[in-house]
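Okay, structure first, notes after.
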Amino acid sequence: MKFEVLTIFPEVIECYLKHGVVGRALNKGIAEVKVYNLRDFTTDRHRKVDDYPYGGGAGMVMQIEPFYNALRHIKSDGIPRKVILLSPQGRRFSQRIAKEFYKEEKTLTLICGRYEGIDERIKAFVDEEISIGDYVLSGGELAALVIIDSVVRLIPGALGDELSAEEDSFMKGFLDYPHYTRPEEFEGMRVPDILLSGDHKKIALWRKKEALRNTLKNRPDLLKNLSAEDMKILKELCSEINK
Ligand SMILES: Nc1nonc1C(=O)N1CCN(Cc2ccccn2)CC1
């Protein structure tokens, strides 16, 4: 899986790529990220990337030319790619969209804006606009990293322990179950006995039940299209809660 990022802060992207799952995936060569500094695609000696808005108003607008020059340079290899603009106006990103991007297997070219935004004519070169949520960030870089991180995790071998990719309950559409590690007791709070039992079948059932409990409590909207087994567990849970 290949990614390209267009940004005026390449260091922000490069720093994140040195660590953790994404860092290891890049070192293994199962993913590749190329970061392009927009200022390298300017033509003036001040390497200007923004200008005053037509029509007046506060703030600056990013000029189209550096983006256009960068995209023309990148696209000269003729490889199919999906050009994504990160902005609050975009389609809301989700695990489902991460899977969609992964399965498409196209290079993802991520355009990161700053300031008040980018000249609207950028849309002529964009395939899709994506938002990571209803809040205002200072730039598209964090959103680009969210997409890179969530898609890289889907690549076989990226997580090392394949099971954790499958087990990731959000992959199944639920919230996660509680996790514990040593010590067995901390400040009077004990690890649930079931997790010390060694009974893997019961542990798996407990984890499913706790994932459903968390989902029922915090994201009941995710409780749809349940299997008969999950519905049975949920009903047990509800009768416990209503006792
Ligand atoms: N929420 C989000 N999910 O993705 N991006 C955001 C987000 O808030 N921002 C703030 C505005 N930036 C500047 C901008 C505005 C319009 C068009 C292009 N660039 C981008 C990133």
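Both backbone and side-chain heavy atoms feed into the values below; hydrogens, waters and symmetry mates do not. We count ligands from 1, going down the list as the structure has it; atoms in each ligand are counted the same way. Numbers here are sequence positions counted from 1.
- A donor-acceptor pair under 3.5 Å is absent between the side-chain atoms of Asp230 and the main chain of Leu226, judged by distance alone.
- In this structure, the separation between CD1 on Ile118 and CD on Glu116 is 12.5 Å, given to the nearest 0.5 Å.
- The nearest protein atom to atom 17 (C) of ligand 1, hydrogens excluded, is given as Ser87 CB, 3.6 Å; this is a heavy-atom distance.
- Checking only distances, Tyr135 does come within under 3.5 Å of ligand 1, N or O to N or O.
- In the vicinity of Val136, heavy-atom distances shorter than 4.0 Å reach the ligand 1 atoms 8 (O).
- Heavy-atom contacts of Gly140 reach the following atoms of ligand 1: 20 (C), 21 (C) (cutoff under 4.0 Å).
- Look at Lys48 and Asp51 and you find a salt bridge, because one of the NZ, NE, NH1 or NH2 atoms lies within 4.0 Å of a carboxylate O, short of that distance.
- The closest heavy-atom contact to atom 2 (C) of ligand 1, among the options Gly139, Ser138, Ser131, comes from Ser131.
- Its side chain within the 4.5 Å cluster rule, Tyr180 clusters with Val191, Ile194, Leu195, Leu196, Ile203, Trp206 among the Ile, Leu, Val, Met, Phe, Trp and Tyr residues.
- If you check which protein heavy atom lies closest to atom 20 (C) of ligand 1, you get Leu86 O, 3.6 Å.
- Looking from atom 9 (N) of ligand 1 to the surrounding protein, the closest heavy atom is Pro88 CD, 3.8 Å.
- The residues Arg47 and Asp40 are annotated as salt-bridged, a charged nitrogen and a carboxylate oxygen being separated by less than 4.0 angstrom.
- Note on Glu100 versus Lys103: no salt bridge recorded, every NZ/NE/NH1/NH2 to OD/OE distance being 4.0 Å or above.
- When Met1, Glu128, Arg81 are each tested for a side-chain contact (heavy atoms from CB on, under 4.5 Å) with Leu108, only one passes: Met1.
- With a 4.0 Å cut-off on non-hydrogen atoms, Ala143 touches ligand 1 through its side chain and not its backbone.
- For Asp134, no heavy-atom contact with ligand 1 is shorter than 4.0 Å.
- Between Leu110 and Leu85 there is no side-chain heavy-atom pair separated by less than 4.5 Å.
- For the ligand labelled ligand 1, residue Ile130 lies inside the 4.0 Å heavy-atom shell.
- Note that the NZ atom of Lys208 and the CG atom of Leu237 stand 12.5 Å from one another [nearest 0.5 Å].
- In this structure, the protein non-hydrogen atom closest to atom 19 (N) of ligand 1 is Gly113 CA, 3.6 Å.
- When only interatomic distances are considered, the shortest N/O to N/O separation between Leu137 and ligand 1 falls below 3.5 Å.
- Sorted by first and then second residue, the side-chain hydrogen bond (donor to acceptor under 3.5 Å, both in side chains) pairs with a member in residues 10-23 read Tyr16-Asp149; sequence neighbours excluded.
- Below 3.5 Å of separation, one finds an N or O of Gly133 facing an N or O of ligand 1.
- In this structure, the protein non-hydrogen atom closest to atom 15 (C) of ligand 1 is Gly117 CA, 3.6 Å.
- Distances between N or O atoms of Ile132 and those of ligand 1 include at least one value under 3.5 Å.
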